[in-house]
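Notes follow once the structure below has been shown.
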Amino acid sequence: MVVTRFAPSPTGYLHIGGLRTALFSYLWARKNGGKFLLRIEDTDKARNSQEAAEAIVKAFHWLGLEHDGEITYQSQRDDIYAIYVKQLLDEGKAYRCYMSREELDTLRETQMANKERTKYDGRYRDFDGTPPEGVDSVIRIKAPLSGEIVVKDGVKGDVLFRAEDILDDFVIARADGSPTYNFVVAIDDHLMGVTEVIRGDDHLSNTPKQIVIYEALGFEIPMFYHVPMIHNSEGKKLSKRDGATDVMAYKEMGYTPAALLNFLVRLGWSNGDQEIFSMSEMMELFDPKNINRSASIYNTEKLDWLNSHYLKNTPNHELAKMLEEYNLAITSHDKKEILLDAIKERAKTLKEMALLVSEMINPPISYDEKALEKAFKGEAVEVLNNFTAKLSSAKELHLPSEYHHLMQEVVDEMGIGFGKIGQPLRVALLGKMSGPGLDSVMAVIGVDETIARVKSALALIK
Ligand code: GLU
């Protein structure tokens, strides 16, 4: 069975880069009928892991990604890690090192002066004397001194590390007994039954150390997929300013889960030149073997494009539900269908859409001066008066086309072009020259409100 995991350190929120590897892991597990697990790497106890876990679960929930089983918290597993420390000590695969801070500093300074790689020199590796007094020992693993460690990586191919270049007998448990990062990651991945580790390639340098742990403990090594970073348009690491922020900020900005997930799956993965992927298509097509080898470029226009694509193609009843959070007025509006049809092609985000809703259903707060001047020339006042007269005597109007028909009658009777009614009416109803189709605006606000808005605008002219 394929078991993947997402293993964030509790930074308090889920960011876009993390979400992408989470999505990849999720898709691969689901595609294979496997499991997608969540582990909070909260060994740094100063940070609040509960809050972080909640933030992540909340973001997952918004996006429709659910993890399987209970969340694993590293902070609650010290007893488990201690068992493995003891095992390695008992088997002679790890040892106590009594080097003091000062001795370590001296060693490092000498190595730096000799232009050597700074590393532990192994002085307690085979020590069987009497330990020095007053030094709390750390526990170090006996790492290979020579040879190669091969990371079998599904994205990068085999990555070879020379043991002597990167390894020393690294610490697995500190003087206070607390286990170190790479040690617990390897143990947890094994105990959680993780078969495939998909994570950012900023972790590639940790992997040989984790492999040393796997081998020492006789664990089977999982398959690794180290995913290249996301870069901004200048080719630099994505910063907060570029969009590397809390995933929930994307919700606030009005992006839909479908668009965001589609955007992310294409950051570093492709299937020919296909751009649009539904969740079920992603699940069917995703394969970590096709993760790109080079960094991907974050592109806001692409996200906007995808978002408008999804907005356009979301059925109105679903769209109304999504919009509720941004503009409650939509909930009980009886002309929801006409309203949404009029704006769904015009907005890049739900937030923009919500703004269009209020601009439509509320009278203009102010009028664009230039638009007023331009539109209220010549026969504009007469045109509008004729139009409101027709509206008043019309019985009931419902459809945009019925309003359109009345507008047409006015211009036909006056022998003028359609623009002569369109422009002043638009400014009267919306306060500006731009916006959704007038027929729809009127059908949404109704006859009385249309007349009221025209009258307010006319009063302003006088
Ligand atoms: N906790 C690490 C991070 O948040 C991820 C470790 C891993 O995926 O192995 O970057």
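Start at 1 and go down the list; that is how both ligands and their atoms are numbered.
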Taking atom 6 (C) of ligand 1 as the reference point, the nearest protein heavy atom with its distance: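 Among all protein heavy atoms, the one nearest atom 6 (C) of ligand 1 is Y181 OH, 2.9 Å.
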
For [X] and [Y], does a side-chain donor sit closer than 3.5 Å to a side-chain acceptor?
X: N316; Y: K344; result: yes
X: N290; Y: N271; result: no
X: N262; Y: Y310; result: yes
X: Y98; Y: D136; result: no

Mark up the atoms of ligand 1 that fall under 4.0 Å of a heavy atom belonging to [X], in ascending order.
X: R5; value: 7 (C), 8 (O), 9 (O)
X: P8; value: 1 (N), 4 (O)
X: S9; value: 1 (N), 2 (C), 3 (C), 4 (O)

Polar contacts were defined as any N/O atom of the residue lying under 3.5 Å from an N/O atom of the ligand; does this apply to A7 and ligand 1? yes

Counting only nitrogen or oxygen atoms and a 3.5 angstrom limit, does H203 reach ligand 1?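 N/O-N/O distance below 3.5 Å exists for this pair.
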
Below 3.5 Å, can you tabulate the donor-acceptor pairs from side chains in residues 208-225 to any protein atom, sequence neighbours excluded?
from, atom 1, to, atom 2, distance (Å)
Q210, OE1, R199, NH1, 3.2
Q210, OE1, R199, NH2, 3.0
Q210, NE2, N182, OD1, 2.9

Show me the donor-acceptor pairs, under 3.5 Å and distance only, between side chains in residues 185-195 and residues at least two apart or in other chains.
from, atom 1, to, atom 2, distance (Å)
D188, OD1, R77, NE, 2.8
D188, OD1, R77, NH2, 2.9
D188, OD1, Y81, OH, 3.1
D188, OD2, Q74, NE2, 2.9
D188, OD2, Y81, OH, 2.7
D189, OD1, R5, NE, 2.9
D189, OD1, R39, NH1, 2.7
D189, OD1, R39, NH2, 3.3
D189, OD2, R5, NH2, 2.9
T195, OG1, V3, N, 2.9
T195, OG1, V3, O, 3.3

F224 heavy atom under 4.0 Å from ligand 1: no

